[in-house]
Amino acid sequence: MTTAVATLYKEDNIIATHLNYEINFVLLSEMKGMDITMNIEYEQIYNNIANRTVQLPDGTKVPALGQGTWYMGENTNAWKEEVRTLQTGIELGMTLIDTAEMYGDGNAERLVGEAVKGIRDDIFLVSKVYPHNAGRNRIKQACENSLKRLGTEYLDLYLLHWRGTVPLAEVIEGMEQLKEEGKILRWGVSNLDTDDMIELVNCPNGRNCTVNQVLYHLGSRGIEYDLLPWQRENHIPVMAYSPLAQGGTLRDHLLTHPIIKELAVQKEVDPHQILLAWCIRTNDIIAIPKASKVEHVIANARAASVQFTEKELEKLNHVFPAPDKKVPLDII
């Protein structure tokens, strides 16, 4: 009997399974409105994720492995499956969900809102504001619109999606006002490079920044030259988007390289899980891979069990080295 994980959903008295495996199940009691079954590996995955956390500056601990939603909510035919996928990730312990008002013109937020309905307090919810909405006259309305789409009264974390023409001091002023009103609990930024971060923290209340969300994966290590060390020195965690390099499309031969394939075979995982595990190898990086199918989110969650030896990391560093000079911040 194959060891695997599956989640079953009852719809019109029909149980639909999303994995073509033959599995021994352990039936759990109903959890948060969903009928969920899992086997021993399911529980192991949950425990592995629970043991991989990142501490935010205010002491809050969040899973190192969260869920992204870029390109989700754009296809009505995939809506139910995407909701199920997010819910499965939640039950596996991936309770940090990242979205943005930009994604699907707000539909990704609506999708997330449906997925977390009834379990909102168990979720660490992150959304992002467009730069042109980040000024003092627009950020409150933008935030309220996101809250409405998400069906919640507050965000755990609200990010400036990228730097625009609004001065950082003004963005911070708006974020702090949202905190005072209880609409957000924390704020942060995305796609800011080292000079931008230095400017940010030197603004009034700038050191209240919780995270900087940037592109980071094994094939794109530019932040390791100066941005990542600076953020570590200033106790601002990195949130890594596209940690799987968009399925390897952002870097040729990333998933097919012999070293990646060799490690995957040795650890009995697939190459995607090697990339994801590498991204969360330390305790100060949060990865937010996107999965639009249940089997994909389960595969992502399994990456939390993968650990590397120093020798293995040296091999990866040799093949995919960090730059030895400053390079432009990768942004997609």
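Just so you know, these numbers use all the heavy atoms, side chains as well, and skip hydrogens, waters and symmetry mates. Treat the numbers as computed from the prediction; the structure is a model and nothing was measured. Starting from 1, each residue takes its place in the sequence as its number.
- Put simply, the side chain of Glu170 gets close to the backbone of Arg136: a donor and an acceptor are under 3.5 Å apart.
- Connectivity analysis of hydrophobic side chains (ILVMFWY, heavy atoms under 4.5 Å, direct or indirect) links Leu185 to Tyr154.
- Inspection of the Asn51 and Tyr46 side chains reveals no N or O donor paired with an N or O acceptor under 3.5 Å.
- Side-chain polar atoms of Arg186 and Thr60 form a donor-acceptor pair below 3.5 angstrom.
- Across Val214 and Leu227, no two heavy atoms sit closer than the pair CG1-CD2, 4.2 Å.
- Taking Trp230 as the reference, nothing meets the ring pair (Phe, Tyr, Trp, His ring centres under 6.0 Å) condition, with sequence neighbours excluded.
- Side chains of Glu101 and Asn133: a donor-acceptor N/O pair is present below 3.5 angstrom, by distance only.
- Under the side chain to side chain contact (heavy atoms under 4.5 Å, CB included) criterion, Gln141 pairs with Glu144, Asn145, sequence neighbours left out.
- There is no side-chain donor-acceptor pair under 3.5 Å between Tyr158 and Lys183.
- Minimum heavy-atom separation, Ile285 to Cys279: CG2-O, 3.5 Å.
- At distances below 3.5 Å, at least one donor-acceptor pair connects side-chain atoms of Arg120 with backbone N or O atoms of Ile123.
- The pair Glu41-Arg302 meets the salt-bridge criterion, with a side-chain N (NZ, NE, NH1 or NH2) lying under 4.0 Å from an Asp/Glu carboxylate O.
- Ion pairing between a basic and an acidic side chain is recognised when a charged N comes within 4.0 Å of a carboxylate O; Arg163 and Glu199 show such pairing.
- Ion pairing between a basic and an acidic side chain is recognised when a charged N comes within 4.0 Å of a carboxylate O; Asp105 and Arg149 show no such pairing.
- Using modelled atom types and a 3.5 Å distance limit, the side chains of Tyr103 and Glu74 yield no donor-acceptor pair.
- Heavy atoms only, all atoms of each residue included: Met94 and Ala301 are closest at SD-CB, 3.7 Å.
- A distance of 6.0 Å or more separates the ring centres of Phe320 and His253.
- Side-chain atoms of Glu109 and Ser146 include a donor-acceptor pair closer than 3.5 Å.
- Side-chain atoms of Gln177 and Glu181 form a donor-acceptor pair, as typed in the model, at a separation below 3.5 Å.
- By the 4.0 Å N-to-carboxylate-O rule, Asp195 lies too far from Lys326 to be salt-bridged with it.
- Proximity of a side-chain donor or acceptor of Asn205 to a complementary backbone N or O of Asn208 within less than 3.5 Å is not detected.
- Using a cut-off of 4.0 Å between Lys/Arg side-chain N and Asp/Glu carboxylate O, Arg221 and Glu224 are scored as salt-bridged.
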Margin query: Determine whether Gln213 and Asp98 satisfy the following criterion, side chain to side chain donor-acceptor pair (under 3.5 Å), listing intermediate values before the conclusion.
Written below: CA-CA 10 Å; Gln213 183 183 121; Asp98 174 85; 2.9 Å; yes
Please evaluate residues Arg207 and Asn234 with respect to the criterion side chain to side chain donor-acceptor pair (under 3.5 Å), reporting the C-alpha separation (whole Å), side-chain torsions for both, the decisive distance (0.1 Å), and the verdict. CA-CA 9 Å; Arg207 290 199 171 272; Asn234 287 272; 2.9 Å; yes
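- In summary, Lys179 and Glu176 engage in a salt bridge, as defined by a charged side-chain N under 4.0 Å from a carboxylate O.
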